[in-house]
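For this chain, numbers begin at 1 and follow the sequence in order.
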Amino acid sequence: LKISRNASFRFVNASSMIPRKNLEGLVNAFYQAFKNNPDIELKLNFRSGKQETLKAVTNLIQLLDVRNISVTNEQLDKQQYLEFLASGDA
């Protein structure tokens with residue numbers, strides 16, 4: 001349960017880094033909607049997936065020069081996973 005709002009509005013996504021998750025589409029949609037608005041951020045975390053998909057997503061983020069999207073590949077245990085999800089506003 002969320003107790004307080006983050007300083008910036010934070011979207012979070014925890015998934016596998018695979019093509020059918022369409023993370024490039026997510027990055028494009030986020031950028032189209034919010035550009036580099038410092039008050040809105042997107043945090044992506046994945047624990048498995050394809051290196052080609054990771055490379056495509058990180059290349060897209062660099063190409064768009066997006067500074068409010070971060071990508072991590074931390075292996076989260078159950079508690080950390082729940083905390084990551086709870087850190088988001090959406």
Student: Is F46 linked to I18 within one hydrophobic cluster, defined over Ile, Leu, Val, Met, Phe, Trp and Tyr using a side-chain heavy-atom separation of less than 4.5 Å?
Tutor: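 Different hydrophobic clusters.
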Student: Can you name the closest pair of heavy atoms from D89 and S8 and give their distance?
Tutor: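 In this case the closest contact between D89 and S8 is OD2-O, 3.5 Å.
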Student: Under a 4.5 Å cut-off applied to non-hydrogen side-chain atoms, are R10 and S87 in contact?
Tutor: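 SC-SC contact between R10 and S87 confirmed.
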Student: Within a 6.0 Å radius of atom NZ on K35, are there more than 12 heavy atoms belonging to other residues, nucleotides or ligands?
Tutor: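 Yes, enclosed.
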Student: For I69 and I61, which heavy atoms make the closest approach, and how far apart are they?
Tutor: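 Taking every non-hydrogen atom into account, CG2-CD1, 3.6 Å.
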Student: What pairs with F84 under ring-ring contact (aromatic ring centres under 6.0 Å, His included), at least two apart in sequence or on another chain?
Tutor: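 Result, ring-ring contact (aromatic ring centres under 6.0 Å, His included) vs F84: none returned.
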Student: Donor-acceptor pair, Q75 side chain versus R47 backbone, under 3.5 Å?
Tutor: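 The answer is yes, because a donor-acceptor pair under 3.5 Å joins these two groups.
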Student: Does a side-chain heavy-atom distance below 4.5 Å link T72 with L44?
Tutor: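 No, side chains not in contact.
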Student: With the 4.5 Å side-chain cut-off for hydrophobic clustering, are M17 and V12 part of the same group?
Tutor: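 No; tracing contacts between hydrophobic side chains, which count when under 4.5 Å, never links both residues.
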Student: When rounded to the nearest 0.5 angstrom, what is the spacing between CD in E41 and CZ in F11?
Tutor: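 If we round to the nearest 0.5 Å, E41:CD and F11:CZ are 10.5 Å apart.
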Student: Between N45 (side chain) and A14 (backbone), is there a donor-acceptor pair under 3.5 Å?
Tutor: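 No: the side chain of N45 does not pair with the backbone of A14.
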Student: Please check if V71 and L76 belong to a single hydrophobic cluster, counting links between Ile, Leu, Val, Met, Phe, Trp and Tyr side chain heavy atoms closer than 4.5 Å.
Tutor: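 No.
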Student: Going by atom type alone, with no hydrogens or angles, which donor-acceptor pairs under 3.5 Å involve a side-chain atom of residues 24-33 and a protein atom two or more places apart or on another chain?
Tutor:
{"residue": "N28", "atom": "ND2", "partner": "E24", "partner atom": "O", "Å": "3.3"}

Student: Is there side-chain contact between K21 and N13, with heavy atoms separated by less than 4.5 Å?
Tutor: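 Not in contact.
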Student: Calculate, to the nearest 0.5 Å, the distance between atoms OG and CG belonging to S16 and L23 respectively.
Tutor: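 That separation rounds to 9.0 Å.
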Student: What about F9 and F34, are their ring centers closer than 6.0 Å?
Tutor: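 No - the distance between ring centres of F9 and F34 does not fall below the 6.0 Å cut-off.
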Student: If you measure from CD on Q62 to CG on N59, what distance do you get to the nearest 0.5 Å?
Tutor: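 One finds 5.5 Å between CD of Q62 and CG of N59.
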